[in-house]
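Lettering follows sequence order; numbering is per chain, from 1.
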Amino acid sequence: MDAVLDIQQVVKRYATKLAVDHISLRVPPGIVFGLLGPNGAGKTTLIRMITRITIPDEGQIFFNGEALAEKHQRKIGYLPEERGLYKKMKVAEQIAYLLELKGLKDKQALQTAEEWLERLQLGDWKNAKVEELSKGMQQKVQLIATIAHRPPVLILDEPFSGLDPVNSQMFEDVIRELRDAGTSVLFSTHRMDQLEELCQRIALIHNGKLMIDDDTKALRKKYRTNRFFIETEEPLDLNAFPAGIKTEETASHHATLTLPATLSAKEMIAFLNERYSLLKWEEKLPTLKEIFIKVVKENQPEVPYHE
Amino acid sequence: MNSNKLWIIFKREFMTRVKNKLFLVTTLATPLLFLVLMIVPTLVGKYSKTETYTVHVIDPSKRILPELAQKSDETMKFVPATMGLEELKKWLVGKEHDAGLMIQDDLGKEKVNVVFQASQLPSMTFESNLKSKIDPILKNIKLQDAGLGTEKIKETEYRLAVQTIKITEKGEEGGSSALGFVFGYGMAFLTFMMVFIYGGILMKGVMEEKANRIVEIIISSVKPIELMLGKILGIGAVGLLQFLIWVGLIMGGVVLLSFFAGSEAVQSSATQSMMGSSEESVQMADKMMKAVGQFKFSLIFFFIFYFLGGYLMYGTIFAAIGAAIDQEADAGPLTTAISIPAYIPILLLFAVMNNPNGALAFWLSIIPFTSPTIMMARMAIVDVPVWQIILSMVLLVAGIYGMAWVSARIYRIGLLMYGKKITFKELVKWVRMG
């Protein structure tokens with residue numbers, strides 16, 4: 001597997017805490033990679049090492065097979081969690097300035113900025129000062145400044161925090177569009193809802209350690225809990241079910257069952273087919289949120305780090 | 001260090017400030033204020049003709065009036081009084097341009113009383129003018145009464161001319177110690193002020209970037225040291241540009257002023273009140289011109305060096321403080337601590353200027369924290385030995401390197417540190433950590 005980003009055994013220590021504890025990750029090209037974890041898990045620290053804002057104490061990061069260096073900074077678009085703009089600067093000039101720092105020539109930078117402003121319906125605002133813009137508009141400007149130089153890698157730290165639903169959808173659309181054009185997107189979040197459909201691959205970080213790093217679909221299969229949704233033509237008689245089955249959300253004609261380890265799905269289907277006309281049999285895979293909570297809980301209590 | 005990125009940052013820092021209306025206003029207003037302060041007294045002296053008196057002289061001895069009448073000019077015209085003292089007093093009430101002058105009867109006494117009467121009291125300048133007109137006449141009369149003939153009296157006339165001459169390797173140069181003093185003070189204060197004004201602007205700029213949270217986006221593209229240097233140099237260039245505009249405007253203004261009001265007016269404001277004869281004031285003005293001419297070129301070069309040096313020395317620290325704090329209110333204790341070494345030379349300036357080649361002056365002009373101000377002051381008064389200038393400059397450059405090294409560490413850590421009140425101890429820890 002070719003990896004755009006290859007993170008190997010990276011460690012970052014702060015005075016009293018091991019913020020990132022030997023994390024290794026590979027981000028393949030052209031996918032959306034979700035970095036999950038509760039607040040304070042070490043996501044931002046990891047991201048800052050990829051953007052070369054801080055330097056790892058141990059381990060190495062490779063960009064397209066080369067050791068991460070200054071020249072790669074222009075190939076990365078970065079939207080930090082806490083983000084702002086120069087309030088007194090004109091919108092187009094501001095974007096152009098940030099693009100110039102990413103290596104665009106001044107005229108090209110301004111032209112690119114104006115094209116994107118036009119595209120996101122901010123064309124009329126290009127000469128306005130940033131402080132005159134609404135918060136939603138400023139978020140669009142920040143997004144443009146992050147992606148307009150067409151970096152092959154995008155790193156978004158909590159991109160959806162503070163967005164209104166309209167901008168949230170717009171950000172999502174842009175992420176998908178860039179992914180389809182071959183960009184690798186790595187984004188962090190502590191919220192799981194958008195992730196399931198957006199990310200092909202997910203890593204879970206907790207207390208600075210990598211807990212999970214897997215394909216989204218495979219991950220859900222891996223954490224399957226033998227839960228099934230059934231629907232029958234005849235009314236269900238739950239009392240006649242084999243022992244050890246847990247039931248939830250029961251109604252006269254449908255229910256969600258959790259099978260004990262002693263009972264296979266095949267055996268259960270046979271059991272139901274003998275007694276009912278089975279209209280629906282569907283495996284209920286755990287949501288990422290459920291997996292997330294399960295993994296985090298399993299790793300409690302937190303073991304404090306001592307140097 | 002990526003010079004292209006440094007340039008982009010420099011350009012933005014420079015352009016956004018130069019394009020700001022405030023820059024235009026302060027750049028133009030300051031020398032304008034300076035010129036106004038210079039022009040107004042000159043013009044007032046030149047064009048205020050309200051003080052014109054016809055002076056009605058009562059001179060019982062009849063020995064003073066004839067000579068005094070010859071000394072009439074545009075401000076005072078001497079005529080014999082046509083009425084007695086009491087009558088004259090009554091007549092003068094309400095008269096704006098008439099006055100009475102009563103000279104006492106007996107000129108032989110040791111004290112000679114002269115009474116000037118008018119319904120509008122004249123200025124001090126007018127009074128001393130009047131005195132300087134009567135004084136030589138009276139002296140002549142006294143000499144005559146003592147038995148000296150006209151020839152002999154002529155022989156007693158003399159003129160005193162005090163000249164101060166600076167001995168240099170090139171020979172003698174005209175100059176004025178008083179002017180050097182003024183110049184030294186001016187240069188020292190200007191250097192001090194520019195360093196602190198622009199240091200403050202720099203600190204605010206760094207702090208705003210941090211408070212705006214744009215800094216994390218920028219340092220994902222450039223190294224913190226590049227951002228810091230770009231800002232320091234960009235803002236320093238704004239200060240330099242402002243200074244050069246000022247020099248240009250003031251020089252242009254002085255030329256324009258002397259053309260407009262005539263060289264006489266320029267001299268008069270400075271010298272007329274102290275000097276009686278116009279010949280001496282011409283000499284004085286000549287001296288001034290010589291002194292100004294001698295200061296101009298080399299000092300401007302050194303001012304630029306020491307202004308930039310002082311600015312860089314303190315600017316890097318200001319940038320570091322700006323990065324370490326979250327809000328302006330937290331800056332106080334830290335900037336005060338940093339400013340103490342900068343205030344020392346201002347406090348000791350008088351002592352240094354009184355003994356510009358003494359040990360205190362020497363050390364303060366060598367140590368990088370104080371040298372920008374003190375060396376400027378010394379250079380304005382005396383010829384500082386070349387080796388001292390070179391030593392001072394080399395040490396200043398070395399000091400800047402050292403401060404930049406320390407500040408870069410604080411800056412890098414401070415930029416992403418929020419919500420922590422920073423103490424001096426903390427900063428020292430950061431320097432060790434970096």
Side-chain angles (χ1 to χ4, degrees), chain A residues 13-15 44-45 47-55 57 69-90 93-106 109 129-131 138 141-146 149 151 153-157 162, chain B residues 1-23 201 204-227 230-231 234 323 326 409 411-420 426 429-430 432-434:
Chain A
R13 288 184 192 88
Y14 288 127
T44 298
T45 306
I47 282 174
R48 281 182 180 168
M49 287 190 280
I50 301 170
T51 52
R52 280 178 53 90
I53 289 173
T54 51
I55 295 159
D57 294 331
E70 191 191 335
K71 63 174 180 182
H72 298 122
Q73 284 184 321
R74 64 172 57 181
K75 297 192 171 164
I76 297 175
Y78 174 47
L79 188 67
E81 179 177 5
E82 295 282 358
R83 46 204 182 238
L85 298 163
Y86 289 114
K87 290 194 181 76
K88 303 270 177 204
M89 220 174 160
K90 286 179 185 166
E93 279 178 17
Q94 171 117 173
I95 296 172
Y97 172 62
L98 293 172
L99 294 182
E100 268 189 76
L101 289 178
K102 287 289 184 193
L104 264 60
K105 293 272 164 282
D106 46 4
K129 282 185 185 161
V130 170
E131 61 187 355
Q138 292 189 20
V141 172
Q142 283 156 349
L143 183 68
I144 294 172
T146 312
H149 65 295
V153 173
L154 259 188
I155 296 176
L156 313 172
D157 198 357
Chain B
M1 197 72 59
N2 184 319
S3 58
N4 185 39
K5 288 176 182 176
L6 197 65
W7 168 244
I8 295 167
I9 293 164
F10 175 90
K11 202 172 61 180
R12 195 199 82 86
E13 296 296 331
F14 183 78
M15 291 311 288
T16 50
R17 284 182 175 80
V18 168
K19 277 198 273 179
N20 193 320
K21 285 185 197 84
L22 200 67
F23 175 77
I201 292 175
K204 222 174 141 206
V206 171
M207 223 178 49
E208 268 168 11
E209 256 169 22
K210 188 184 173 185
N212 274 351
R213 309 268 178 166
I214 195 172
V215 72
E216 193 169 348
I217 298 178
I218 294 173
I219 59 170
S220 74
S221 303
V222 305
K223 290 201 195 87
I225 181 85
E226 289 165 348
L227 176 61
K231 287 187 85 76
D326 282 357
R409 289 163 170 245
Y411 184 84
R412 194 160 59 81
I413 296 174
L415 278 186
L416 294 174
M417 193 79 79
Y418 290 97
K420 211 171 175 183
E426 190 84 17
K429 209 171 89 189
W430 290 3
R432 292 227 181 104
M433 258 164 69

Asker: With sequence neighbours left out, what residues match Lys5(B) under salt bridge (charged side-chain N to carboxylate O under 4.0 Å, His left out)?
Answerer: Glu70(A)
Asker: Could you tell me which residues satisfy salt bridge (charged side-chain N to carboxylate O under 4.0 Å, His left out) with Glu13(B), sequence neighbours excluded, listed by chain and number?
Answerer: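 Here the qualifying residues are Arg17(B), Lys231(B).
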Asker: Can you measure from CG (Asn20(B)) to NZ (Lys88(A)) and round to the nearest 0.5 angstrom?
Answerer: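 It is 9.0 Å, given to the nearest 0.5 Å.
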Asker: Got a second to check how far Ile8(B)'s CD1 is from Lys105(A)'s NZ, nearest 0.5 Å?
Answerer: 7.5 Å
Asker: Can you tell me which portion of Gln142(A) sits under 4.5 Å from chain B's heavy atoms? Options are side chain, backbone, both or neither.
Answerer: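 Looking at Gln142(A), nothing touches chain B.
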Asker: Just checking heavy atoms, which of residues 79-86 of chain A are less than 4.5 Å from chain B?
Answerer: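 The stretch touches chain B at Pro80(A), Glu82(A), Arg83(A), Gly84(A), Leu85(A), Tyr86(A).
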Asker: Carefully, step by step, assess Thr51(A) and Ile219(B) under the rule side-chain contact (heavy atoms from CB on, under 4.5 Å).
Answerer: CA-CA 9 Å; Thr51(A) 52; Ile219(B) 59 170; over 6 Å; no
Asker: Show your reasoning for whether side-chain contact (heavy atoms from CB on, under 4.5 Å) applies to Lys87(A) and Glu208(B).
Answerer: CA-CA 9 Å; Lys87(A) 290 194 181 76; Glu208(B) 268 168 11; over 6 Å; no
Asker: More than 12 heavy atoms of other residues, nucleotides or ligands under 6.0 Å from CZ of Arg74(A): is that the case?
Answerer: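 For Arg74(A), atom CZ is not crowded (no more than 12 foreign heavy atoms under 6.0 Å).
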Asker: Around atom NZ of Lys204(B), are there more than 12 heavy atoms from other residues, nucleotides or ligands closer than 6.0 Å?
Answerer: no
Asker: How long is the straight-line distance from CG of Leu101(A) back to CD1 of Ile217(B), given to the nearest 0.5 Å?
Answerer: 11.0 Å
Asker: List the steps, then state whether side-chain contact (heavy atoms from CB on, under 4.5 Å) holds for Lys102(A) with Ser220(B).
Answerer: CA-CA 9 Å; Lys102(A) 287 289 184 193; Ser220(B) 74; 3.9 Å; yes
Asker: Chain A heavy atoms under 4.5 Å from Lys210(B): which part of the residue, side chain, backbone, both or neither?
Answerer: neither
Asker: Roughly how far, to the nearest 0.5 Å, is the OG1 atom of Thr16(B) from the CD atom of Glu93(A)?
Answerer: 9.0 Å
Asker: Does the side chain of Arg12(B) come within less than 4.5 Å of Met89(A)'s, by heavy atoms?
Answerer: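 Result yes, sub-4.5 Å side-chain heavy-atom pair found.
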Asker: Rounded to the nearest 0.5 Å, what separates atom CG in Asp157(A) from atom CD in Glu216(B)?
Answerer: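 Result: 7.0 Å between the selected atoms.
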Asker: For Leu415(B), is it the side chain, the backbone, both or neither that has a heavy atom under 4.5 Å from a heavy atom of chain A?
Answerer: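 Answer is neither: Leu415(B) stays 4.5 Å or more from chain A.
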Asker: Run the ring-ring contact (aromatic ring centres under 6.0 Å, His included) test against His149(A) and tell me which residues pass, sequence neighbours left out.
Answerer: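 If we apply the ring-ring contact (aromatic ring centres under 6.0 Å, His included) test to His149(A), skipping adjacent residues, there are no hits.
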